S.K.: 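One structure, pasted below without further comment.
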Amino acid sequence: MPPPPPPAAASGRRSILSFAAARDRCFSRRFLRAGLRPLAIPLPTGVGGGDDAGTTVHVWVPANPPRNPLLLLHGFGASATWQWAPYLRPLIAAGFDPIVPDLLFFGASCTRLADRSDAFQARSIKAAMDAIGVARFGLVGVSYGGFVGYRMAAMYPDAVERVVLVCAGVCLEEKDLAAGLFPVAGVGEAAELLVPRRPEEVRRLVRLTFVRPPCIMPSCFLWDYIKVMGSDYIQEKTELLYALISERQLSNLPIISQPTLIVWGERDRVFPMELAHRLKRHLGEHSRLVVIRNAGHAVNLEKPKDVCRNIIEFFQERVTEALNDEKV
């Protein structure tokens with residue numbers, strides 16, 4: 001699932017200040033300049049089926065009441081601001097009102113509850129949308145955010161109007177790992193890959209998810225990123241992956257009814273193209289597949305203009321026009 005964009009290696013020495021922390025502040029300022037403001041929303045009791053007093057969702061919302069709300073759900077990696085910053089101005093210019101939460105155990109969102117399912121993530125984000133007064137919205141989910149978005153669409157069909165899934169392998173089955181479809185052979189190895197703790201693990205993840213990864217990734221920058229953005233909730237993120245993959249079967253996946261755009265990187269090695277075609281078959285006439293050439297799993301970071309253009313065109317099209325196969 002997409003890591004943050006790899007840091008540039010132009011500087012030969014490390015600044016006294018944290019590069020990752022400075023970059024994080026820069027992304028936050030871009031959100032503020034785009035007219036969004038951060039909110040920490042404590043969720044009401046009952047969202048997770050119990051006492052949710054310890055669940056808080058951090059979300060960036062428009063300063064004014066949204067007229068055309070578009071929910072953007074990030075994947076594994078850094079917080080939402082790192083993954084969605086390039087999309088804000090084009091989406092706003094096209095008439096959309098982005099709403100950008102941190103999923104639980106990313107950024108400033110967290111819970112004391114033990115539920116690690118994508119259904120609990122979906123209920124939590126829906127409760128946050130209710131709290132800010134947004135009843136109906138479009139949805140875009142990248143990778144793990146696509147799993148959560150798909151679950152939201154299934155659970156709340158009256159709220160989620162249309163869906164874009166970017167490299168979201170929701171049709172995977174646990175048996176696919178042992179069958180060799182992925183670069184890992186089990187859930188534990190997948191967790192080690194997607195929750196890196198050392199520079200060499202970050203390098204492996206970047207090289208796996210980018211078609212053109214940077215040639216040089218200095219350890220000092222990678223340790224800095226891990227310390228600032230990747231050291232929190234390691235155990236909880238690992239549990240999210242186990243809950244997502246363990247005993248997963250396609251036969252248990254509901255078929256959502258909303259018009260759905262499937263966007264995939266042609267050279268995705270995390271979730272291979274087989275999963276894109278499997279999802280297209282699963283959804284049938286309600287879906288359309290767009291393949292972005294010369295892009296991998298981190299297509300949202302490698303080709304943000306192409307992905308954003310397809311998102312805008314899909315949400316602006318009439319329903320009958322949005323359900324035809326297309327390859328870019």
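One is the number of the first residue; the rest follow in order along the sequence. Because the structure is a prediction, the values reported are computed rather than measured.
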S.K.: Can you give me the closest heavy-atom contact between A80 and D102, atom names plus distance?
M.R.: N-OD1, 2.9 Å
S.K.: Test of understanding: with ring pair (Phe, Tyr, Trp, His ring centres under 6.0 Å), list the residues that count as partners of Y233, not counting sequence neighbours.
M.R.: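 Counting only residues at least two positions away or on another chain, Y233 forms a ring pair (Phe, Tyr, Trp, His ring centres under 6.0 Å) with F105.
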S.K.: For R267, does the CZ atom sit with more than 12 other heavy atoms under 6.0 Å from it, leaving out its own atoms?
M.R.: no
S.K.: List for me each residue that meets ring pair (Phe, Tyr, Trp, His ring centres under 6.0 Å) alongside F137, sequence neighbours excluded, and say none if there are none.
M.R.: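 F137 satisfies ring pair (Phe, Tyr, Trp, His ring centres under 6.0 Å) with no other residue.
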S.K.: Within the distance-only criterion (no hydrogens, no angle test), does the side chain of T238 pair as donor or acceptor with the backbone N or O of A191 below 3.5 angstrom?
M.R.: no
S.K.: Residues in side chain to side chain donor-acceptor pair (under 3.5 Å) with S117, at least two apart?
M.R.: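 Counting only residues at least two positions away or on another chain, S117 forms a side chain to side chain donor-acceptor pair (under 3.5 Å) with D115.
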S.K.: Please examine the side chains of I245 and L177, heavy atoms only from C-beta on, and report whether any two atoms are closer than 4.5 Å.
M.R.: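 Sidechains of I245 and L177: in contact.
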S.K.: What closest approach, in Å, do E302 and T209 show between heavy atoms, and which atom pair accounts for it?
M.R.: OE1-O, 3.9 Å
S.K.: Grab the two heavy atoms, one from H58 and one from P38, that are nearest each other, plus how far apart they are.
M.R.: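 Taking every non-hydrogen atom into account, NE2-CB, 3.5 Å.
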S.K.: Could you give me the CA-CA distance, side-chain angles and deciding distance for L43 and S124, then say whether side chain to side chain contact (heavy atoms under 4.5 Å, CB included) is met?
M.R.: CA-CA 7 Å; L43 298 189; S124 300; 3.6 Å; yes
S.K.: Please answer whether the main-chain N or O of G284 pairs with a side-chain N or O of S287 as donor and acceptor at a distance below 3.5 Å.
M.R.: yes
S.K.: With under 30° as parallel and over 60° as perpendicular, where do the rings of F106 and F76 fit, or are they tilted in between?
M.R.: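 F106 vs F76 ring planes: perpendicular.
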S.K.: What's the verdict on side chain to side chain contact (heavy atoms under 4.5 Å, CB included) for V61 and L36, showing C-alpha distance, side-chain angles and the deciding distance?
M.R.: CA-CA 5 Å; V61 301; L36 278 70; over 6 Å; no
S.K.: Out of curiosity, does V211 fall in the hydrophobic cluster containing F182 (side-chain heavy atoms, cut-off under 4.5 Å, transitive links)?
M.R.: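 No; V211 is not reachable from F182 via cluster members.
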S.K.: Between E247 (side chain only) and E174 (backbone N and O only), is there a donor and an acceptor less than 3.5 Å apart?
M.R.: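 No, E247 side chain to E174 backbone: no donor-acceptor pair under 3.5 Å.
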S.K.: Under the 3.5 angstrom rule, does the side chain of Y87 hit a backbone N or O of N300 as a donor-acceptor pair?
M.R.: yes
S.K.: For side chain to side chain contact (heavy atoms under 4.5 Å, CB included), just list the numbers for M217 and R207, CA-CA rounded to whole Å, side-chain angles, deciding distance to a tenth of an Å, and then say yes or no.
M.R.: CA-CA 10 Å; M217 291 179 273; R207 288 166 180 157; 3.6 Å; yes
S.K.: Side-chain donor-acceptor pairs under 3.5 Å in residues 63-72, sequence neighbours left out?
M.R.:
from : atom 1 : to  : atom 2 : distance (Å)
N68  : ND2    : G95 : O      : 3.4

S.K.: List for me each residue that meets side chain to side chain donor-acceptor pair (under 3.5 Å) alongside R248, sequence neighbours excluded, and say none if there are none.
M.R.: none
S.K.: Identify, with sequence neighbours excluded, every residue that meets side chain to side chain contact (heavy atoms under 4.5 Å, CB included) alongside R278.
M.R.: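 With sequence neighbours excluded, R278 shows a side chain to side chain contact (heavy atoms under 4.5 Å, CB included) to C171, E173, D176, L181, L250, E274, L275, R281, given in chain and number order.
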S.K.: Is it the case that S18 and D224 place a side-chain donor and acceptor less than 3.5 Å from each other?
M.R.: yes
S.K.: Apply the test side-chain hydrogen bond (donor to acceptor under 3.5 Å, both in side chains) to residues T260 and R288: give CA-CA distance (whole Å), side-chain angles for both, the deciding distance (0.1 Å), then the verdict.
M.R.: CA-CA 6 Å; T260 301; R288 184 180 78 191; over 6 Å; no
S.K.: Any idea how F221 and F19 line up, ring-wise: parallel (<30°), tilted (30 to 60°), or perpendicular (>60°)?
M.R.: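 Perpendicular: the ring planes of F221 and F19 meet at over 60°.
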S.K.: So, using ring pair (Phe, Tyr, Trp, His ring centres under 6.0 Å) as the criterion, who are the partners of Y156 when residues are at least two apart?
M.R.: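 Scan of Y156 (ring pair (Phe, Tyr, Trp, His ring centres under 6.0 Å), adjacent residues dropped) gives none.
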S.K.: Looking at side-chain heavy atoms only, is the closest gap between V170 and L253 below 4.5 Å?
M.R.: yes
S.K.: Taking all atoms of both residues into account, what is the closest heavy-atom pair of I41 and A128, and its distance?
M.R.: CD1-O, 3.8 Å
S.K.: For D24, what residues pass the salt bridge (Lys or Arg N to Asp or Glu O under 4.0 Å) criterion, not counting sequence neighbours?
M.R.: none
S.K.: Counting C-beta onward and ignoring hydrogens, is there a side-chain heavy-atom pair between L283 and I256 closer than 4.5 Å?
M.R.: yes
S.K.: Would you check if R309 and D306 make a side-chain contact, meaning some heavy-atom pair closer than 4.5 Å?
M.R.: yes
S.K.: Side-chain donor-acceptor pairs under 3.5 Å in residues 193-200, sequence neighbours left out?
M.R.:
from : atom 1 : to   : atom 2 : distance (Å)
R198 : NE     : E200 : OE2    : 3.2
R198 : NH2    : E201 : OE2    : 2.5

S.K.: Is any side-chain heavy atom of V263 closer than 4.5 Å to one of L165?
M.R.: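 Of all side-chain heavy-atom pairs linking V263 with L165, none is under 4.5 Å.
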S.K.: Using a strict cut-off of less than 4.0 Å between a Lys/Arg side-chain nitrogen and an Asp/Glu carboxylate oxygen, indicate whether R162 and E317 qualify as a salt bridge.
M.R.: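 Result for this pair is no, no salt bridge flagged.
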S.K.: If the test is ring-ring contact (aromatic ring centres under 6.0 Å, His included), which one of W84, F31, F27 qualifies with W60?
M.R.: F31
S.K.: Evaluate the side-chain hydrogen bond (donor to acceptor under 3.5 Å, both in side chains) criterion for residues T111 and T55: first the C-alpha distance (whole Å), next the side-chain angles of each, then the deciding distance (0.1 Å), finally the verdict.
M.R.: CA-CA 4 Å; T111 183; T55 301; 2.5 Å; yes
S.K.: Dump the intermediate steps for side chain to side chain contact (heavy atoms under 4.5 Å, CB included) on V57 and L104, then the final yes or no.
M.R.: CA-CA 7 Å; V57 173; L104 296 175; 4.2 Å; yes
S.K.: Side-chain donor-acceptor pairs under 3.5 Å in residues 129-136, sequence neighbours left out?
M.R.:
from : atom 1 : to   : atom 2 : distance (Å)
D130 : OD1    : K126 : NZ     : 2.8
D130 : OD2    : K126 : NZ     : 3.2
R136 : NE     : E161 : OE2    : 2.9
R136 : NH1    : D158 : O      : 2.3
R136 : NH2    : E161 : OE2    : 3.3

S.K.: Return the NZ to CE distance between K280 and M273, rounded to the nearest 0.5 Å.
M.R.: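 Spacing of NZ (K280) from CE (M273) equals 12.0 Å.
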S.K.: P101 and L73: which non-hydrogen atoms are nearest, and at how many Å?
M.R.: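 Smallest heavy-atom distance, with atoms named: CG-CD2, 3.7 Å.
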S.K.: Given the rule that I, L, V, M, F, W and Y join up when any side-chain heavy atoms are under 4.5 Å apart, are L208 and L172 in one cluster?
M.R.: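 Yes; L172 is reachable from L208 via cluster members.
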S.K.: Would you say the side chain of V164 lies within less than 4.5 Å of the side chain of F315, judging by non-hydrogen atoms?
M.R.: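 Touching, per the 4.5 Å side-chain cut-off.
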S.K.: Does L88 belong to the same Ile/Leu/Val/Met/Phe/Trp/Tyr cluster as L91, with side-chain heavy atoms less than 4.5 Å apart forming each link?
M.R.: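 The answer is yes; both residues are in one hydrophobic cluster.
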S.K.: Examine the side chains of S257 and H286 and answer whether a donor and an acceptor come within less than 3.5 Å of each other.
M.R.: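 No donor-acceptor contact under 3.5 Å links the two side chains.
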S.K.: To the nearest 0.5 angstrom, please state how far the OH atom of Y144 sits from the NE2 atom of H74.
M.R.: 9.0 Å
S.K.: Roughly how far apart are L32 CG and R29 CZ, rounded to 0.5 Å?
M.R.: 9.0 Å
S.K.: Taking the side chain as everything from C-beta on, heavy atoms only, tell me whether H282 gets closer than 4.5 Å to I255.
M.R.: yes
S.K.: Between W82 and S79, is there a side-chain heavy-atom distance shorter than 4.5 Å?
M.R.: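 Yes, their side chains come closer than 4.5 Å.
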S.K.: Could you pull out all residues at least two apart from Y150 that satisfy ring pair (Phe, Tyr, Trp, His ring centres under 6.0 Å)?
M.R.: none
S.K.: Ignoring hydrogens and angles, tell me if any N or O in the side chain of Q83 forms a donor-acceptor pair with the backbone of G75 under 3.5 Å.
M.R.: yes
S.K.: Among all residues two or more places apart in sequence or in another chain, which pass the side chain to side chain donor-acceptor pair (under 3.5 Å) test with R116?
M.R.: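 Residues passing side chain to side chain donor-acceptor pair (under 3.5 Å) with R116: E239.
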S.K.: Ignoring hydrogens, what is the shortest heavy-atom contact between F271 and S143? Give both atom names and the distance.
M.R.: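 Shortest heavy-atom contact: CE1-OG, 3.9 Å.
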S.K.: Would L289 end up clustered with V270 when hydrophobic side chains under 4.5 Å apart are linked, directly or stepwise?
M.R.: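 As far as the 4.5 Å side-chain criterion goes, V270 and L289 are connected within one cluster.
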S.K.: Identify whether L103 and L244 are in the same connected component of the hydrophobic contact network (ILVMFWY, side-chain heavy atoms under 4.5 Å).
M.R.: yes
